[in-house]
Asker: 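After the structure tokens below, expect a handful of questions from me.
Small disclaimer: the values here were computed from a predicted structure and weren't measured.
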Amino acid sequence: MMKKILQIRENKPGGTDNYCRGLERLLCQDDDCRVLPVTNIPQQPSRLFHYTYRDSDLEPYVAEADIVHVNGYTAQGTIDAMQMAHRMGKKVVYTAHFHPFCYLGHPLAGRLFFYLRMKPAIQRFADVVTTINNEDTRFFRSIHPRVVQIPHWNNVVEEASRQEERIPKMILFVGRLDDHVKGFHQLAALPEHLYDIHCVGSGEQPFSRADITRHSNISNEELLRLYRQASLLVVPSKYEAFSFVALEAMVQGTPVLMSDRVRIADYMEGIDGHSIYHYGDSKEFVDKVAQTIGITVDIDAVRRRFDPQSIISQYKQLYLSL
């Protein structure tokens, strides 16, 4: 008998939404485990708890599923969804998309909310916790008996167009420009006019230079073209639980320089085409840019390690065990 899986997450774009929609694409037609279309269930804004759900809004969606896969950890709505699913006799998979408390905007508030409200709910209602990196896995194994680590996957759709010619000195940054966590400010350390810097993202640009070209509201095809033209992608983030953009770039053969707080590195050992610097060390960042730009990426190794078919198998094994 086919199991139907409902994904519940906050109704806004971002990494968690990409994860849910990607999982839907992987398993939207599977004969054994079918992920239902990702839907924006009505949410009630809350100044104290971010957002909440009314039972009457959740119930019809939860009723359709055999398994409820709840995503998120800083909102009362996450607890509401797990509690409703448990009350209706559904199996609950929980994925936090966790950021360590010290990297949150309000570390003490995040820690208090988690330990006073989230932790008891996870322990009581979640049948299994899934994680995407080693740090998350260690943390959740300290509070839950069943934790399964499954990485993200290569979600890039191949284009039929010709391969773009690499631009030797082109550096690419992808991410919100005014979000201090994403680290765009780190690019100010690069010598002016030595590189051709391109940035893709929303938000107010914190500084301007003649060697920086900004791209806004571009299509996925245009982003793929930039990946293929660039000789380096930089991910200078204060923290990333994974990094879709690093994976997207390496699949296109673009080398990546990332900070030591970007957790896709947990899966990159032995794969050529990336390097790591210590977050906040501007001199090391500049030196590593010079060392990494234009190096060869082992595309086949990247694709093998983040193979969608392998990920499908791992999720199906998880869902069918419940």
Side-chain angles (χ1 to χ4, degrees), residues 7-20 40-55 57-58 68-86 92-126 128-144 147 149 175-186 201-204 206 235-244 259-263 266 279-280:
Q7 296 270 345
I8 298 181
R9 86 286 182 251
E10 185 177 5
N11 299 341
K12 72 174 187 179
T16 302
D17 183 67
N18 290 339
Y19 166 87
C20 293
N40 286 345
I41 301 172
Q43 296 172 341
Q44 311 307 311
S46 169
R47 293 186 66 182
L48 187 60
F49 297 122
H50 196 34
Y51 66 89
T52 64
Y53 288 112
R54 287 191 293 246
D55 287 355
D57 290 327
L58 273 175
V68 179
H69 190 153
V70 183
N71 298 267
Y73 88 106
T74 58
Q76 177 63 35
T78 306
I79 299 172
D80 296 340
M82 288 193 287
Q83 187 171 22
M84 171 61 76
H86 180 78
V92 176
V93 176
Y94 173 66
T95 304
H97 306 275
F98 187 71
H99 281 51
F101 304 117
C102 61
Y103 300 136
L104 298 178
H106 303 283
L108 179 58
R111 184 182 294 273
L112 289 173
F113 180 80
F114 184 86
Y115 281 106
L116 294 178
R117 301 187 68 84
M118 282 300 307
K119 178 181 174 182
I122 294 166
Q123 292 175 326
R124 182 176 177 186
F125 304 130
V128 60
V129 175
T130 69
T131 57
I132 59 173
N133 63 54
N134 297 343
E135 191 172 28
D136 289 8
T137 300
R138 288 191 295 270
F139 179 83
F140 282 100
R141 280 182 176 162
S142 70
I143 67 171
H144 197 279
V147 177
Q149 182 172 336
R176 188 170 175 86
L177 305 183
D178 57 0
D179 184 349
H180 190 76
V181 172
K182 296 298 181 182
F184 179 78
H185 60 280
Q186 183 69 81
S202 59
E204 184 176 349
V235 188
S237 299
K238 183 178 181 180
Y239 186 80
E240 296 282 350
F242 190 72
S243 177
F244 274 122
S259 84
D260 56 351
R261 298 179 181 179
V262 178
R263 296 273 50 89
D266 293 348
Y279 174 78

Asker: Would you name the heavy atoms of R263 and A241 that are closest together and state the gap between them?
Answerer: CB-O, 3.2 Å
Asker: Please report the closest heavy-atom contact between Y239 and P100, naming both atoms and the distance.
Answerer: CZ-CD, 3.3 Å
Asker: Identify the heavy atoms of A75 and M118 that sit nearest to each other, and give their distance.
Answerer: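 Taking every non-hydrogen atom into account, O-SD, 4.2 Å.
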Asker: Decide yes or no for F140 and Y94: does some side-chain heavy atom of the first lie under 4.5 Å from some side-chain heavy atom of the second?
Answerer: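 Touching, per the 4.5 Å side-chain cut-off.
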Asker: Looking only at heavy atoms, what is the nearest atom pair of G183 and P236, with distance?
Answerer: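 Closest approach of G183 to P236, heavy atoms only: O-CG, 3.2 Å.
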Asker: Calculate, to the nearest 0.5 Å, the distance between atoms NE2 and CG belonging to H106 and L112 respectively.
Answerer: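 One finds 13.0 Å between NE2 of H106 and CG of L112.
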Asker: Only counting residues at least two apart or in another chain, list the ones meeting ring pair (Phe, Tyr, Trp, His ring centres under 6.0 Å) with H180.
Answerer: H185
Asker: State, with a plain yes or no, whether a side-chain heavy atom of Q149 is found less than 4.5 Å away from one of N134.
Answerer: yes
Asker: Taking the side chain as everything from C-beta on, heavy atoms only, tell me whether M84 gets closer than 4.5 Å to V68.
Answerer: no
Asker: Under the 3.5 angstrom rule, does the side chain of N71 hit a backbone N or O of H69 as a donor-acceptor pair?
Answerer: yes
Asker: State, with a plain yes or no, whether a side-chain heavy atom of R176 is found less than 4.5 Å away from one of F184.
Answerer: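 When only atoms from C-beta onward are counted, F184 and R176 do not touch, as no gap falls below 4.5 Å.
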Asker: Less than 4.5 Å apart, any side-chain heavy atom of R9 and any of N40?
Answerer: yes
Asker: Please name the residue in the list V147, D136, V93, T137 that meets the side-chain contact (heavy atoms from CB on, under 4.5 Å) test with T130.
Answerer: V93
Asker: Can you tell me how far the CG atom of N133 sits from the CZ atom of F242, to the nearest 0.5 Å?
Answerer: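 So the gap between those two atoms works out to 9.0 Å.
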Asker: At what distance, to the nearest 0.5 angstrom, does NE2 of H99 lie from CD of E240?
Answerer: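 So the NE2 of H99 and the CD of E240 are separated by 6.0 Å.
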Asker: Does any non-hydrogen side-chain atom of E204 lie less than 4.5 Å from one of L177?
Answerer: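 No, every pair of side-chain atoms sits at 4.5 Å or beyond.
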Asker: Go through the steps for T95 and Y19 under the test side-chain contact (heavy atoms from CB on, under 4.5 Å), then give the verdict.
Answerer: CA-CA 10 Å; T95 304; Y19 166 87; 3.7 Å; yes
Asker: Regarding S259 and S237, is there a side-chain donor-to-acceptor distance under 3.5 Å anywhere?
Answerer: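 Short answer, no.
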Asker: Do any side-chain atoms of residues 45-55 form donor-acceptor pairs under 3.5 angstrom with protein atoms, and if so which ones, sequence neighbours left out?
Answerer:
unit_1 : atom_1 : unit_2 : atom_2 : d
S46    : OG     : L48    : N      : 3.4
S46    : OG     : F49    : N      : 3.0
H50    : NE2    : E10    : OE1    : 3.3
H50    : NE2    : E10    : OE2    : 2.9
Y53    : OH     : Q43    : NE2    : 2.9
R54    : NE     : D57    : OD2    : 3.3
R54    : NH1    : Q44    : OE1    : 3.3
R54    : NH2    : D57    : OD2    : 3.4
D55    : OD2    : R87    : NH2    : 3.1

Asker: Only pairs at least two apart or in different chains count here, so list each side chain to side chain donor-acceptor pair (under 3.5 Å) that has a residue in residues 114-126.
Answerer: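 Sorted pair list: Q76-R117.
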Asker: Below 30° counts as parallel, above 60° as perpendicular, anything between as tilted: where do the rings of F98 and Y73 land?
Answerer: tilted
Asker: Run the salt-bridge test on D17 and K12 with the 4.0 Å N-O cut-off and return the result as yes or no.
Answerer: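 Salt bridge absent between D17 and K12.
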Asker: Can we call the ring centroids of F139 and F114 under 6.0 Å apart?
Answerer: yes
Asker: Can you confirm whether I8 sits close enough to L58 that some side-chain heavy atom of one is under 4.5 Å from a side-chain heavy atom of the other?
Answerer: yes
